[in-house]
A.B. asks: 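What follows is a structure written as structure tokens; I'll ask about it next.
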Amino acid sequence: MRRLPPLSALRAYEAAARHMSFTQAAAELCVTQAAISHQVRQLERWLGHPMFTRRGHALSLTQKGAAYLAELSQVFDQMAAATERVRDKRDGPLRITVLPSFASRWLLPRLPAFRAKHPDVDLRVASSVQLWNGDDAFDIGIRSGLGRWPGVKADLIAREFLSPVCSPALAEGPPALRRPEDLKQAALLHDQPRTAWQHWCQHADVALDLSQGFVFNDAALVLQAAIDGQGVALGRLMLAADDLRTGRLVRLFDHAIPNDYSYWIVYARSSAQRPEVAAFRGWLLEEARQT
């Protein structure tokens, strides 16, 4: 007979210890923070040892707590993987949700290379700007953010940097755009939020009228407007990589600033060992490295 603590207490502890936060554990398990705290204390009473050291709102694992987390996470991953195998999800298509801008400017031109390398993988791609919480609707998500989403594992695709880009004809002028100060004579193209141009101006030590210009709600539209010669965009360099390489766009200056958000590949922890997920993840990260 196995002597095991309540499963609900184990799940609450594993999530809280992995996030080092009762709040984030509560969000992942869709319960209240008080419920997580209650379950963790129940487990600590059952084990006869404290799992956390609590200093106000700050948490740290005790030595026993850290050792327990390492083994418990492996067990939960194995249980999740076994469950997925029983549900036969591995035989279905690989369903991907991706930001529209990332899909159109970066992913879609590279998908033929993935199909050539993995012809047996049935891909289903859907574009969306909505946050994905790791539910059964998709197997993989590609999102922009800080890399912290409840209930899913996130691997960094690439850091994002911003730099002024425009069409070659607009760069040549007249008026020619040679220095940051020359942008005072150019139309600016804005992505949302509009604060990015302000940060770039501070970095380049130039004052521009940031109230003028077109505003777009999608980074791909900003780049397309720049290609069409409508103005200068503060381009996301990863999304603009192909356009810069082919000469549809040119970088005006060396001044580049890091974006607050980066691109991440996101997937359920239980799907990590699925061959199709592993294949797509490995291919995507290698393509990003080369870019």
Side-chain angles (χ1 to χ4, degrees), residues 18 28-30 73-160 217-221 223-224 236-243 245-246 261-291:
R18 176 162 34 85
E28 176 178 327
L29 300 180
C30 300
S73 292
Q74 292 182 16
V75 171
F76 274 119
D77 287 344
Q78 291 172 0
M79 291 172 60
T83 301
E84 294 302 305
R85 286 193 294 271
V86 170
R87 294 176 65 189
D88 290 330
K89 286 185 63 178
R90 292 170 180 262
D91 297 330
L94 183 64
R95 302 159 302 168
I96 300 171
T97 172
V98 57
L99 293 169
S101 57
F102 192 91
S104 62
R105 307 306 304 191
W106 195 91
L107 181 62
L108 292 185
R110 289 167 172 78
L111 280 184
F114 177 79
R115 294 194 186 99
K117 191 173 183 179
H118 301 280
D120 296 333
V121 177
D122 182 12
L123 278 182
R124 305 291 171 85
V125 181
S127 64
S128 175
V129 297
Q130 301 298 319
L131 294 179
W132 177 55
N133 61 4
D135 59 24
D136 286 343
F138 298 98
D139 303 300
I140 290 175
I142 298 175
R143 290 294 185 265
S144 175
L146 301 176
R148 297 190 294 268
W149 289 279
V152 295
K153 182 173 175 57
D155 295 327
L156 179 67
I157 297 174
R159 302 287 181 192
E160 184 64 281
N217 69 347
D218 184 274
L221 296 179
L223 292 178
Q224 188 59 52
R236 302 178 185 226
L237 294 184
M238 184 172 186
L239 298 189
D242 293 342
D243 298 311
R245 184 172 62 250
T246 58
Y261 284 179
S262 301
Y263 291 108
W264 302 80
I265 181 170
V266 184
Y267 49 93
R269 294 168 62 85
S270 60
S271 301
Q273 300 306 314
R274 179 179 174 184
E276 294 88 347
V277 171
F280 187 84
R281 173 188 174 277
W283 169 82
L284 181 70
L285 296 180
E286 177 59 22
E287 284 287 324
R289 187 192 66 79
Q290 293 181 15
T291 301

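Only a predicted model underlies this, so the values are computations on that prediction, with no experimental measurement involved.
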A.B. asks: Checking Gln74 now: which residues fulfil side-chain contact (heavy atoms from CB on, under 4.5 Å) with it, not counting sequence neighbours?
C.D. replies: none
A.B. asks: So how far is it from Arg159 CZ to Ser262 OG, rounded to the nearest 0.5 Å?
C.D. replies: 4.5 Å
A.B. asks: Are any non-hydrogen side-chain atoms of Ile142 and Trp264 less than 4.5 angstrom apart?
C.D. replies: no
A.B. asks: First locate atom CD of Gln290, then atom CG of Leu285, and finally report the distance between them rounded to the nearest 0.5 Å.
C.D. replies: 11.5 Å
A.B. asks: Considering non-hydrogen atoms only, spot the tightest contact between Pro109 and Ala103 and give its length.
C.D. replies: CD-O, 4.2 Å
A.B. asks: Does the side chain of Trp106 reach to within under 4.5 Å of the side chain of Leu284, using non-hydrogen atoms?
C.D. replies: yes
A.B. asks: With a 3.5 Å cut-off and sequence neighbours excluded, list the donor-acceptor pairs that the side chains of residues 147-157 form with protein atoms.
C.D. replies:
from   : atom 1 : to     : atom 2 : distance (Å)
Asp155 : OD2    : Tyr267 : OH     : 2.6
Asp155 : OD2    : Arg281 : NE     : 2.5
Asp155 : OD2    : Arg281 : NH2    : 3.3

A.B. asks: Hey, could you give me the CD1/OG distance between Ile96 and Ser128, rounded to the nearest 0.5 Å?
C.D. replies: 14.0 Å
A.B. asks: Would you please name every residue forming a side chain to side chain donor-acceptor pair (under 3.5 Å) with Gln130, sequence neighbours left out?
C.D. replies: none
A.B. asks: With sequence neighbours excluded, what pairs up with Arg143 under the salt bridge (charged side-chain N to carboxylate O under 4.0 Å, His left out) test?
C.D. replies: none
A.B. asks: Salt bridge (charged side-chain N to carboxylate O under 4.0 Å, His left out) with Glu28: which residues, sequence neighbours excluded?
C.D. replies: Arg18
A.B. asks: What pairs with Ala219 under side-chain contact (heavy atoms from CB on, under 4.5 Å), at least two apart in sequence or on another chain?
C.D. replies: Ser101, Asp191, Arg236, Leu239
A.B. asks: Nearest heavy-atom pair of Ala116 and Pro119: which atoms, and what distance?
C.D. replies: O-CD, 3.8 Å
A.B. asks: Show every salt bridge (Lys or Arg N to Asp or Glu O under 4.0 Å) that has at least one partner inside residues 103-113, sequence neighbours left out.
C.D. replies: Arg105-Asp243, Arg110-Asp242, Arg110-Glu287
A.B. asks: Any chance you could measure Met238, atom CE, to Tyr263, atom OH, to the nearest 0.5 Å?
C.D. replies: 8.0 Å
A.B. asks: How far does CZ of Arg124 sit from CG of Asp139, to the nearest 0.5 angstrom?
C.D. replies: 11.0 Å
A.B. asks: Of all residues at least two apart in sequence or in a different chain, which pass the ring-ring contact (aromatic ring centres under 6.0 Å, His included) check with Phe76?
C.D. replies: none
A.B. asks: Can you tell me how far the CG atom of Leu221 sits from the CG atom of Asn217, to the nearest 0.5 Å?
C.D. replies: 6.5 Å
A.B. asks: Excluding sequence neighbours, so at least two apart, what forms side chain to side chain donor-acceptor pair (under 3.5 Å) with Ser73?
C.D. replies: Glu14
A.B. asks: Going by the rule side-chain contact (heavy atoms from CB on, under 4.5 Å), which residues pair with Pro100 if we only count those two or more places apart in sequence or in a different chain?
C.D. replies: Ser127, Val129, Asp218
A.B. asks: Identify, with sequence neighbours excluded, every residue that meets side-chain contact (heavy atoms from CB on, under 4.5 Å) alongside Val121.
C.D. replies: Leu94, Phe114, His118, Leu123, Glu276
